[in-house]
2 protein chains.
Amino acid sequence: MTPIEELTDELLLFFNGFASWESSVIRSSDLSVSEAHAIEALGQHGTMNMKSLAAKLGVTTGTTTVTVDRLETKNYARRSSTNEDRRVNLISLTEKGIKAFEEHHRFHLSLTEQMRACLQEEEIQQLLNIIKKVNREIF
Amino acid sequence: MTPIEELTDELLLFFNGFASWESSVIRSSDLSVSEAHAIEALGQHGTMNMKSLAAKLGVTTGTTTVTVDRLETKNYARRSSTNEDRRVNLISLTEKGIKAFEEHHRFHLSLTEQMRACLQEEEIQQLLNIIKKVNREIF
DNA sequence: AAATGTATTTTGAATTTCAAACAATAATAA
DNA sequence: TTATTATTGTTTGAAATTCAAAATACATTT
């Protein structure tokens, strides 16, 4: 097995591990996966309109409408309009939504801490450099 | 921002990038995401029973039944029984399923190649070591 | 043989999604 | 200005995906 093949398999394992960790974290909350992802996007990038949110989530605006409806009902997010363009809905997190985002973010931090615990100081720096390069140039 | 916080954010970006790359690859095929994941698991780990497949996919066996039903209908996988335990269904890929797996795997290889292209030889080795450690110890 | 355990399927409900049609508003062209 | 075109977001209807719980069919243990 070449290093490229090996890396391919390990990346897939890593991705699947991350995905199932994430979904078990979400399942232990009041939120569905799509709701949690929307909160994550809003918490990370701040208030935005439906189209941008849909793009960040990689789904259609129709799907996003439904998700935001549920977030509004559950009081995690709210819509507000602007004067510049009355078609636009700005979606922002409520207090409750911000708290949920922060809690979710703490889970991510704790996963990174776990990684630090099994890596050397130097490796953490290497990983950060490598992932940054890949994120900038590929994704 | 501490390195741990920065790494947390970059890992999330990486994960989301990988997820949306994966889902666009799948969408360009005849398969749904859940079907593709099942094929991936079967191709990677070989023939297995429903319970193991469900565990690999991180879903219930009920969900897996539905997924395998569709894979059977579309002729990507087949069920067969064993003499040892007649409750058990062994799920394996058909020729068509193996081809689909190999094609999907080639996509993964090409993504890894892209990563190699933007990293140095040394960094590839570092990444491999680091990801292996994390996979073994955390996921 | 009866009770218990295990692997899988079925069922019913909720969630998630999309494409397409629609409504409201904005921007552009005539 | 007025008509046309483009954009933003919602609604609708259908399909896919999922889960928990009940049901089924075997196996194992007592």
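Order of the sequence lines fixes the chain letters, A, B, ..., with proteins taken first and strands second; residue numbering starts at 1 for each chain.
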**OP:** Not counting sequence neighbours, list each pair that qualifies as a side-chain hydrogen bond (donor to acceptor under 3.5 Å, both in side chains) and has a residue in residues 46-59 of chain B.
**Re:**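 Every side-chain hydrogen bond (donor to acceptor under 3.5 Å, both in side chains) pair that includes a residue of residues 46-59 of chain B, provided the two are not neighbours, is B:Asn49-B:Ser52.
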For [X] and [Y], which I'm curious about, is there any donor-acceptor pair between the side chains at under 3.5 Å?
X        : Y        : result
A:Glu22  : A:His108 : yes
A:Thr63  : A:Thr60  : yes
A:Arg106 : A:Ser110 : no

**OP:** To the nearest Å, give me how far apart CG (A:Asn89) and C1' (D:dT7) are.
**Re:**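 It works out to 14 Å between those atoms.
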**OP:** Could you state the atom-to-atom distance from CD of B:Glu84 to P of C:dT8 in whole Å?
**Re:**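 My rounded result for the distance is 13 Å.
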Original post:
Does the side chain of A:Ser34 get closer than 4.0 angstrom to OP1 or OP2 of C:dT16 through an N or O atom?
Top reply: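 Checking A:Ser34 against C:dT16: at least one side-chain N or O falls below 4.0 Å of OP1 or OP2.
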Subject >> Under 4.0 angstrom between B:Thr64 side-chain N/O and C:dT8 OP1 or OP2 >> reply: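 No.
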Subject >> Set of residues satisfying salt bridge (Lys or Arg N to Asp or Glu O under 4.0 Å) with respect to A:Lys99, sequence neighbours excluded >> reply: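 Here no residue qualifies.
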**OP:** Any chance you could list the contact pattern along nucleotides 19-24 of chain C? Use B for base contacts, S for sugar-phosphate-only contacts and - for none, protein heavy atoms under 4.0 Å, 5' to 3'.
**Re:** S----B
[X], nearest nucleotide to its side chain (from [options]):
X       : options                : answer
B:Asp85 : D:dC26, D:dT17, D:dG9  : D:dC26
B:Val66 : D:dT18, D:dG9, C:dT8   : D:dT18
B:Thr67 : C:dC18, D:dT10, D:dT18 : D:dT18

Subject >> Residue list, ring pair (Phe, Tyr, Trp, His ring centres under 6.0 Å) with A:His37, at least two apart or on another chain >> reply: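 Scan of A:His37 (ring pair (Phe, Tyr, Trp, His ring centres under 6.0 Å), adjacent residues dropped) gives none.
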Original post:
For DNA chain C, what residues of residues 40-57 of chain A have any heavy atom nearer than 4.0 Å?
Top reply: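 The answer is none.
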Subject >> For DNA chain C, the residues among residues 69-81 of chain B that have a non-hydrogen atom under 4.0 Å from it >> reply: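 By residue number: B:Arg79.
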